[in-house]
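Inspection log for the structure reproduced underneath, given as structure tokens.
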Amino acid sequence: MNKINRVRFAPSPTGYLHVGNARTALFNWLFARQKKGTSILRVEDTNVERSQDKYEKKLIEDLQWLGLTWDEGPESDGEYGPYRQSSRLDIYKKYTQKLLHKNRAYYCFCSKEELERERKTALAAGKMPIYSGKCRTILQDKAMERIKAGEEAVVRLKTPGKGTLEFNDLIRGELSFKLNLFGDPILVRPNGLPAYNYAVVIDDHLMKISHVIRGEDHIANTVRQILTYQALDFPLPQFAHLSMVMGEDNTRLSKSHGATAVDQFNKDGILPSALFNYLALLGWAPPEGKEVLTQDEIIDLFDIKKVSRSGAIFDYEKLYGLNRQHIKKLSPREKAEMAAPHLHKAGLLPDEMTESLWKWLEQAVDALIERVDRFSDFPAAFSMLFDFSIDKMGAEEKEILQTECGRKVTLTLGERLLDEAEFSYDVLARISGDIKTETGCKGKDLFHPIRVALTGKVSGLALDKFILLVESGAGLDFPTPLKNCSTRVSEIIKKIYGF
Ligand code: GLU
């Protein structure tokens with residue numbers, strides 16, 4: 001095992017995995033894989049009100065779906081476990097005693113109301129609300145007496161309150177912070193549970209984390225954490241803060257921009273390899289500009305030092321473009337299998353899939369694949385084949401059918417179809433010559449009515465593919481039957497021309 005490169009992804013199981021966190025997980029994972037290091041999954045579940053087992057389970061499932069598996073974690077205990085913070089409470093307690101003993105931490109009895117009052121007064125005076133440090137002077141014996149008497153207390157870290165703190169960030173370079181802007185952070189809450197900023201330091205140290213790679217929303221926390229490392233005499237890891245993932249309007253990505261949960265992308269039919277590829281490009285660009293990359297290529301090329309400092313815009317179109325590229329690498333059967341659940345859900349496929357249905361589906365998916373961004377778009381794309389209704393036909397189409405050529409061409413086509421035992425694109429090619437001669441209609445006056453009479457639409461799939469699919473599908477057992485070409489033309493003749 002490599003002790004030098006150990007990274008961790010430390011989600012709080014308080015919600016579903018969203019793309020911002022997934023990118024953090026991915027960059028940690030890439031860093032570890034590339035450096036032949038170790039990746040750790042640590043569940044930060046000390047917020048008892050908000051943490052739920054179902055979220056932890058789902059987080060792990062979503063990470064696995066994306067292809068991110070961990071060397072150490074709650075499911076595969078390594079030598080630095082347990083990897084769930086709620087199972088490490090005794091460890092934190094031991095360090096709290098040390099800090100209190102060394103006088104680097106103290107009990108604070110200020111009530112929420114008192115702190116809120118101070119906060120408001122500071123804000124009203126145009127100052128940053130920073131804890132005054134009022135309880136620092138309470139002697140420990142006195143504090144213990146008050147606690148024994150039933151008073152509630154938190155434990156706070158004693159910080160310098162002046163001077164500057166500097167650290168080097170792998171992505172952002174040298175950073176410097178004025179310590180008078182940081183009050184004494186809470187280490188332990190009144191319920192005895194450690195605050196995030198405290199548990200994270202002890203865990204990162206004991207788990208021998210060498211590089212802490214996380215979102216830049218944690219930069220101020222890093223300052224508080226470094227002060228805690230110093231108080232505990234722990235060596236510092238290397239920090240790398242990733243820029244935030246933004247929506248196209250440059251505000252932090254949220255549901256108002258579209259899907260943000262990894263699970264939603266999965267449900268929408270984005271391939272995990274495409275999302276993996278896209279997330280890697282959020283703030284990082286491969287050196288040679290080639291963007292459609294496999295997992296192995298990304299591991300090879302990725303460089304945390306080349307990750308951009310500016311916010312990464314989540315571009316849905318780009319993700320869909322990559323998805324299409326990754327879909328192309330699938331076999332016809334794999335594509336059909338990805339599309340099938342969406343078509344089943346939309347009631348377009350029967351529960352029982354026969355081999356002939358699978359074969360037909362492979363061809364249909366192949367014909368329509370260029371028209372979809374995600375597999376969830378297939379039911380809409382299938383309407384091109386299944387939705388043939390004169391009542392719902394568009395005005396433009398109806399107009400075409402009612403022109404003189406429209407009428408003559410459709411009626412002649414209907415007649416000729418009666419003579420053909422089997423219809424195909426080759427048959428159409430043959431008979432359209434005859435229709436042209438018989439009706440005297442040519443060019444778009446010939447082809448538009450033919451297209452509308454067969455498909456119900458003035459534009460859409462190429463006719464060779466369309467005819468093949470509806471003719472071969474018409475004999476199959478779909479929940480809504482697929483009409484073949486002669487049924488379509490007869491319906492038009494009956495409903496539009498009244499024959
Ligand atoms: N549990 C924290 C979060 O989900 C972890 C942050 C960190 O990586 O330190 O934001």
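For the single chain, residues carry numbers from 1 onward in sequence order. Ligands are counted one by one from 1 in listed order, and the atoms in each one are counted from 1 as well.
- Considering backbone and side-chain atoms alike, Ala10 places an N or O below 3.5 Å from some N or O of ligand 1.
- In this structure, Arg136 contributes its side chain and Lys158 its backbone to no donor-acceptor pair below 3.5 Å.
- Proximity to Val200 (heavy-atom distance under 4.0 Å) selects the following atoms of ligand 1: 9 (O).
- Ion pairing of Lys267 with Asp263 is present here, as a side-chain N (NZ or NE/NH1/NH2) and a carboxylate O approach within less than 4.0 Å.
- Scanning the protein for heavy atoms near atom 10 (O) of ligand 1, the closest one is His218 NE2, 2.9 Å.
- Salt-bridge check for Lys359 with Glu362: passed, with a basic side-chain N closer than 4.0 Å to an acidic carboxylate O.
- Side chain of Arg374 to main chain of Tyr320: no donor-acceptor pair is present (N/O by atom type, distance under 3.5 Å, no hydrogens or angles).
- For Tyr196, the closest heavy-atom approach to ligand 1 falls below 4.0 Å.
- Close approach of ligand 1 to Ser12 is summarised as follows: ligand atoms under 4.0 Å from at least one heavy atom of the residue are 1 (N), 2 (C), 3 (C), 4 (O).
- Between atom CD1 of residue Ile171 and atom NZ of residue Lys306 there is a gap of 12.5 Å, rounded to the nearest 0.5 Å.
- Ligand 1 has a nitrogen or oxygen under 3.5 angstrom from a nitrogen or oxygen of Glu44.
- Taking atom 8 (O) of ligand 1 as the reference point, the nearest protein heavy-atom neighbour is Arg8 NH1, 2.7 Å.
- Look at Arg252 and Asp217 and you find a salt bridge, because one of the NZ, NE, NH1 or NH2 atoms lies within 4.0 Å of a carboxylate O, short of that distance.
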